[in-house]
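Quick notes on the structure that follows.
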Protein chains: 4
Amino acid sequence: MRGRTREAILASSLELFAKRGYSATTTEEIARKAKVSKGLIFSHFDTKQDILFAIVDEQFDRIISNVLKENDARPAKERLVSFVDATVDLIKNDPLLARLSLQLNLDDGYRKLMKNKKTKQYLDAFLSQMKAVFSELGSNKPELDSFILMFLFDGIVANYTVAPELFPIDDIKHHLVDILVSRWGTSGD
Amino acid sequence: MRGRTREAILASSLELFAKRGYSATTTEEIARKAKVSKGLIFSHFDTKQDILFAIVDEQFDRIISNVLKENDARPAKERLVSFVDATVDLIKNDPLLARLSLQLNLDDGYRKLMKNKKTKQYLDAFLSQMKAVFSELGSNKPELDSFILMFLFDGIVANYTVAPELFPIDDIKHHLVDILVSRWGTSGD
Amino acid sequence: MRGRTREAILASSLELFAKRGYSATTTEEIARKAKVSKGLIFSHFDTKQDILFAIVDEQFDRIISNVLKENDARPAKERLVSFVDATVDLIKNDPLLARLSLQLNLDDGYRKLMKNKKTKQYLDAFLSQMKAVFSELGSNKPELDSFILMFLFDGIVANYTVAPELFPIDDIKHHLVDILVSRWGTSGD
Amino acid sequence: MRGRTREAILASSLELFAKRGYSATTTEEIARKAKVSKGLIFSHFDTKQDILFAIVDEQFDRIISNVLKENDARPAKERLVSFVDATVDLIKNDPLLARLSLQLNLDDGYRKLMKNKKTKQYLDAFLSQMKAVFSELGSNKPELDSFILMFLFDGIVANYTVAPELFPIDDIKHHLVDILVSRWGTSGD
DNA sequence: CATGAATGAGCATTCATTCAT
DNA sequence: GATGAATGAATGCTCATTCAT
């Protein structure tokens, strides 16, 4: 039962933090949404901030590690396509986490706290993998290409997770893949 | 004097709202940064929320209208390039406004308030112009192309405005223009 | 078993109440120190206050009655010496009870509750016995002498029970007896 | 005005802390008694604990330094009498401070905080001065005599400050002086 | 009996807002 | 206008107490 309660608190917090922001979310709201008492929250987490950290530590970890696959032996083009696929699917499956992550990234206070946390490491891993792929594909500006792809993903998060009904995410994904394939299609084979 | 005070309050608020979030910013901090007394803030604005609305109404307006130029008679390719140029420059020149705008967009509470506000109209205008451009350029999925370009801009905001030292914005802009030109270069002439 | 548990709760409570104060002690701390669950405490006592009352009623009683001996036929000087002896030994043997008692006496809220409780009766008994002793010894201000002796005991409690390592309690006791004997030695025989 | 408010908060806090204990006193009560709002308290003091520290630092200092007079050239007997006089008067004039001081001394948590604070230094100064006086008077156990006198004062605090109507403080003082004079009267001249 | 998860009133503290000066 | 002292509703958090297991 204890595990269930904890999950309920984390799930409610995630949704509220992602949709209204961490500061604007009260512990009362979290309690109401999780259908537990305010007091119970604090028998699971010492502070409101600890709830946020638990989400970041436990959930971000689980999710992001799915996308990053070291030692992928496939040709670069396939890896690029599969990468886009995985990232967009991640956003589709965990829109709240993606939205919260983007939100936190926009917050100076949070960024300072996270200076040496895993999030940054993932980003670096992401970028270096991308750079390798674009290099293999023959890009002469692989870093810029990586940046642009990363921006694209953040832009998808910024829009799709907030109003999914406005954006045909699968069509967008396929179109994006088409664009990339048409751009790099002749190379890398 | 009165005008100066008002501007100082708006500028300080913009910076704090953009960097730490609206909820996490206190009127005390705004007063300190603007070097005015807390009381004076409330002789200029009735509520903290009014400060935010003033920023949105006055600043967003001024900025965004620069980008949207109706009745642009130039060929589509030129318009596309000029559009990318104008948008990236806007982000470079007003990173705080861009950052705040993105942040507000991620906030359900704010989005509800803005349902019928200008921001949405601008977005629609932006998208329909883009669609026209991509149509003229021969795209068979002009809406998806527009979405993707918009995502790109949001992604630039999400990253560049938060850590400008990490991203060579002008190189990125040129590379982006190169990509677009190489993709649509032969068409639309 | 039940008796053991009850004693453990009372002993832990006594120590915590005496050392940190009643209000500052949480039931959680009591449970931890007594190595029982929080719930069990409330199957033995209805409220936290009841624990305090149990200590006062049961322990104070037991202890104090040792000191007060009605119908003591010995000469006044002996009774005085034996009284000092008994009181100091009581403090030495039950420093926590003495400390708690002093603490409660300093608390208006508690004093109000105790208006008609036994504690006050003991005090009166103590004082009237002392007065009798000092009268017999020839004091012309037996009440003031009683007060002063009582103050002395409270002062010993205030200091010795809190930092026993700083005060050579037996030396102090003997010195005190010496002083009293030298003061009243020639009289009362 | 700001000073007045601060004094009102300190005075109300002192009374409540002294009479009901620090932990049992709520900031709401302090505010009510000081006739200010709860919020105002926290514009003067960061935490409730800081109020206590302000009382200790500012008031204890002022008061205690009156009693301790270094370089007192008078004969020991006079110094002893004057010392008793000053201490009892201090208790009479600032019973709340004396009561609070005794209460804090009974609290392990507070004692730990104060390990290296001035209070302890005063106590040491007090004891060493007393020891010197009793030595000069010919005592062969000057330290024990000092302890006993100190205990007496604490006992007066423990009783008089809590129920002044029960104890004729001036009579007690004079009687105490009489006792001391009669004990040490022939010596030290 | 025994546990500790759960509750909610209560507490210290914050902060947008007001207002006397 | 301008200040900052003052207010009090709201927030994060605590803790005595209850109760399902």
Spacing between [X] atom [atom1] and [N] atom [atom2], to the nearest angstrom:
X: Arg32(A); N: dT7(E); atom1: CZ; atom2: C1'; value: 16 Å
X: Ile9(D); N: dA12(E); atom1: CD1; atom2: C1'; value: 14 Å
X: Phe45(D); N: dC11(E); atom1: CZ; atom2: P; value: 21 Å

In Watson-Crick or G-U wobble terms, both distances under 3.5 Å, what is the partner of dA20(E)? dT3(F)

Paired nucleotide for dA9(E) [Watson-Crick or G-U wobble; both distances under 3.5 Å]: dT14(F)

Starting from the 5' end of DNA chain F, give me the residue, Phe42(A) or Gln49(C), whose nearest nucleotide shows up first. Phe42(A)

Sorted by position of nearest nucleotide on DNA chain F, 5' first, the leading residue of Ile41(B) and Thr25(C) is Ile41(B)

With DNA chain E as reference, determine whether Lys35(C) or Tyr22(B) sits nearer its 5' end, using the nearest nucleotide of each. Lys35(C)

Nearest-nucleotide comparison on DNA chain E, the residue closer to the 5′ end among Lys48(D) and Asp46(B): Lys48(D)

Nearest to the side chain of [X] - [options]?
X: Ser37(D); options: dA2(E), dG12(F), dG8(F); result: dG8(F)
X: Val36(A); options: dA12(E), dT7(E), dC15(E); result: dT7(E)
X: Leu40(D); options: dC13(F), dT7(F), dT7(E); result: dT7(F)

Which whole number of Å gives the distance between the P atom of dT21(F) and that of dC1(E)? 22 Å

Flag, side chain of Thr161(D) to backbone of Ala158(D), donor-acceptor distance under 3.5 Å: no

Can any side-chain N or O of Gln59(B) pair as donor or acceptor with the backbone N or O of Val56(B) at less than 3.5 Å? no

Should the side chain of Lys38(B) and the base of dT17(E) be counted as holding a donor-acceptor pair, with the cut-off at 3.5 Å? yes

Quick one: which of Lys35(A), Lys48(A), Lys38(A), Arg20(A) gives a salt bridge (charged side-chain N to carboxylate O under 4.0 Å, His left out) with Glu29(A)? Arg20(A)

Do Leu104(B) and Leu52(B) touch side chain to side chain, with heavy atoms closer than 4.5 Å? yes

Is the closest side-chain heavy-atom distance between Phe45(A) and Leu40(A) below 4.5 Å? no

Tell me what Thr47(D) touches on the nucleic acid: a base, only sugar-phosphate, or nothing, going by heavy atoms under 4.0 Å. sugar-phosphate

Would you say a side-chain N or O of [X] is under 4.0 Å from OP1 or OP2 of [N]?
X: Thr27(B); N: dA16(E); result: yes
X: Thr5(A); N: dA6(E); result: yes
X: His44(D); N: dA5(F); result: no

